Novice: 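Sharing a structure below in structure tokens format, with a few things to ask.
Small disclaimer: the values here were computed from a predicted structure and weren't measured. Values below: all heavy atoms of this structure, side chains included; hydrogens, waters and symmetry mates excluded.
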Amino acid sequence: MVLELTEAQQTAADKLNEEKERYRVAIDSATDVFFVYRREEKMLEIVNDSINSGVWSLGDEECSIVRESIHPEDRQMFIDYINNPQGDMEMELRVRRRPEHPYMWVEVSGHLFGGTGGEHLRVVGYIRNINQRKQQELEREMRQVLDPATSLYRAAAGFNRMAQMRKLNPVGTLLLVDINSFSTINEKYGIVFGDVVLDELAKLLRGAVSVLCPEEALLIRAGGDELLAWLPGVAEGQTASVMPELERRFASLIHSASVPLRLDWATAPADGEVSDQALVQRTKQKLAGAYHGGSTRDFSEPVSIGYNTRADIATLARNMFERTDDIGAVLDLVALRLKEQYGITDMLITDFRYDSLSSTLEYSWRKGPQADMHEVVSHCKEEEYRLFWQHVENKQLHAYVDELSKHPLFAMMGQLDAGITYHMMDNGSYSGSIVFAGASTAILDNEADRTRLTEVGRAIQNRINQERHDQSAQAKSDFLARMSHEIRTPMNGIIGMTEIALKPGQTEEHRIECLKKVRSSSNYLLGLLNDILDMSKIESGKMQLVETDFNLDKQLRELHVLLDAKFREKNQTFVTSFDLKHKFFHGDSLRINQVLINLIGNAVKFTGEGGHIYLTVKETVLDSSRSQLSFSVRDEGIGISAEDRERIFLSFEQVNSPEANRQGTGLGLAISSRMVHMMNGEIQLDSEVGRGSDFHFDLMLSPVDMQEEAAEERVDFDFTGVKVLVAEDNELNMEIICEVLGDYGMLVDGATDGRKAVEKFAAAAPGTYDLVLMDIMMPNMNGIQATRAIRSLDHPDSKTVPIVAMTANAFDEDVKRSLAAGMNEHLSKPINIPELEKTLARVLKK
């Protein structure tokens, strides 16, 4: 029997040990904290907490675990239960494991056990972390009581909360902040823009008052643009001390002078006697007395869209861009959001112009919102741009690192933190860059962040492109209006002088004078047309340099002859100074000449009667194969303001001055700048309003050893008896060319289209035609088709007869197309007689 009892005891002991082991395993694997509270001893035992496990005495209500671990607002509820437990323990409260840790929500659940006499002896239960669930619940609740634009308390909920807080501590200061002219901002820039401004003010206000009372300040959106801050325990003087800095930081949120951000504010001290309503009324009265002429006003009703705190930055940017033309103001707010989300230190935006190979710093947000705009321009060479384009093509987001930051297009930015660059595109062409300095390049490896930043860049790009297109459309509209005037003025002269010359009884001398004026007006019209065609070739990328050996010395000295009539019109003096070590160079003489004529022509236009125009050219020999040619055109004209100095190099732009003669296309400087860039130079401008301007540039040219005679092409050919087939569909043009060729003693046979020209040539006996002049644009068969047809004929002369294009198609690709079809030369209309003579002599000699 004793043995059986012993075995039974052993079995019971084994089961007890097994239960204990299961309990230990359960405790070790659980995330809950377990506790036992013994009321008689006022002892709390905590199990499964790595920090607070152990036995704690609750005899003193201010014991450390209660005082340091439980949130002040929840502490009394816990103490009341401990002192007088009534039923099971069920409560939710905020606790922290150590004083330096944040509070978290827990669920405390315990079962109350009584003794044999009915006494309440102990509570056994658990503490469970419910922080995530509780935060979600509170967020849902808070959305009902928080203002969606600023995340501050709505008015009703805020005043209720203030009443609760003042029950615990009625002493403090109430601060009322009001945005000056906020309704105007909303009307002009849209509600979303206003919401973002309010949100930024709320952040600034929260930061300012957190210095005074880090945990307990209460912020309320009391009205449309009125924010209240209840600062318990803070003196009125302390509150006022933070306001100057808050005003400064708020005013500097936006650079644009069109959005002046100013604050009105007032404070009122509170003691235990003043009611909440009276406190608010006092603050409103003080604000009214200081800023509103003594008239107290009610808080305005908040009007917000309310999604700005939840919407992504790109969506916010697009919404704000849609409602205002002030791009800079929106960019300032976007930069603030990017600083908050991605830690950017600078945001800069460049505008690239291919026609001048220049990059302008259009927007700058540097080291905080207080930085000013910078108007800086950087230039690059064609090869440098080509290498840059190869680097950025097909990939808009790049790391802004040393290699990119040292490129000439970004030279104006100075030293920046490493970051990310978004390269903007406009109709498939590079149009500028956005640099997000300070942004981590790790964003490029995170798909969500990369997509988000790309969308921000695209929103900015699209808005800038829209503005650029609007400005371009306006500039072109102004240009067309100006061209209408420019074309009609010489056309009036041509028509008027023609009518006068045709009047009966006119003397031969008067008629010749009229024809000279007709020729002058015609040459002016041709100049307008050439400018437009040149700009078209530049913008399409089809302008090419044609480099040959030429006599620079002779070319420079002939400028006086070309422009002498202009100088005489205004009694101006043209002063030249040439310091050349060589006469002959290898380069594009036509483009150099065109640039100098453009610059000198502008100098004449903007210099008054009796003024001086100075042309200086100096050669600096670098080595046996290279010389630096420095060109300078200086005048004594009206000068150019700083505002206009970069703008005048853009297409369709002219100096904005009432003193300027607005004659011309406004393309001359844009064309000249692009041509100099093509020759790896850069036009620089020094100017002072009222004192004149100096346009100067340097070119690297190779000197050439040539004889004077070899540089000149002499016409030494007898055209008498040369038989010419002319294909021309315009009757007047046919009459003109027949007259010109007849003067040379040539025999002309005409064809009114390409098909007839082919038929005449095919039917002619060998040796009938010595030359074919072929128009390009003709009915039935154009000149290109006719040339190919002639070259393919089974005719003894079809492969050898010289064919010269004589056409109004003047682009480089038109020349190439003509030569590819089998033509020998290409002449552009209107025909230049000396050039015609040289070309015909050249092909006939061959």
Novice: In sequence, state the C-alpha distance, the side-chain angles, and the governing distance for Gln785 and Arg788, and then conclude on side chain to side chain donor-acceptor pair (under 3.5 Å).
Specialist: CA-CA 5 Å; Gln785 296 167 333; Arg788 289 188 179 131; over 6 Å; no
Novice: Are Asn465 and Met424 side-chain neighbours, meaning at least one heavy-atom pair lies under 4.5 Å?
Specialist: no
Novice: Does Ala789 offer a backbone N or O that forms a donor-acceptor pair with the side chain of Ser792 under 3.5 Å?
Specialist: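 Flag set: sc Ser792 to bb Ala789 pair under 3.5 Å.
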Novice: Quick one, Tyr614 and Asp694 - any side-chain contact, counting heavy atoms below 4.5 Å?
Specialist: no
Novice: Once the angle between the rings of Phe410 and His407 is folded into 0 to 90°, is it parallel (under 30°), tilted (30 to 60°) or perpendicular (over 60°)?
Specialist: perpendicular
Novice: So do Phe697 and Leu596 actually touch side chain to side chain, heavy atoms under 4.5 Å?
Specialist: yes
Novice: Quick check against the 3.5 Å criterion: does Lys554 have a side-chain atom that pairs as donor or acceptor with the backbone of Phe584?
Specialist: no
Novice: Going by salt bridge (Lys or Arg N to Asp or Glu O under 4.0 Å), name the residues that satisfy it together with Asp623, two or more places apart in sequence or in a different chain.
Specialist: Arg626
Novice: Run the salt bridge (Lys or Arg N to Asp or Glu O under 4.0 Å) test against Glu569 and tell me which residues pass, sequence neighbours left out.
Specialist: none
Novice: Do NZ/NE/NH1/NH2 and the carboxylate oxygens of Arg386 and Glu383 come within less than 4.0 Å?
Specialist: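 Salt bridge present between Arg386 and Glu383.
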Novice: Does Arg634 reach the side chain of Thr616, with side-chain heavy atoms less than 4.5 Å apart?
Specialist: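 Counting from C-beta outward, Arg634 and Thr616 never come under 4.5 Å.
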Novice: Are Lys581 and Asp579 close enough for a salt bridge, meaning some N to O gap below 4.0 Å?
Specialist: yes
Novice: Under 6.0 Å between ring centres, would you say that holds for His423 and Phe388?
Specialist: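 Yes, close enough.
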Novice: Any heavy-atom pair between the side chains of Asn602 and Lys605 that's under 4.5 Å?
Specialist: yes
Novice: Please indicate whether Lys516 has more than 12 foreign heavy atoms, meaning atoms of other residues, nucleotides or ligands, lying under 6.0 Å from its NZ.
Specialist: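 No.
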Novice: Judged by atom type as modelled, is there a donor-acceptor pair below 3.5 Å linking the side chain of Asp770 to the main-chain atoms of Lys723?
Specialist: yes
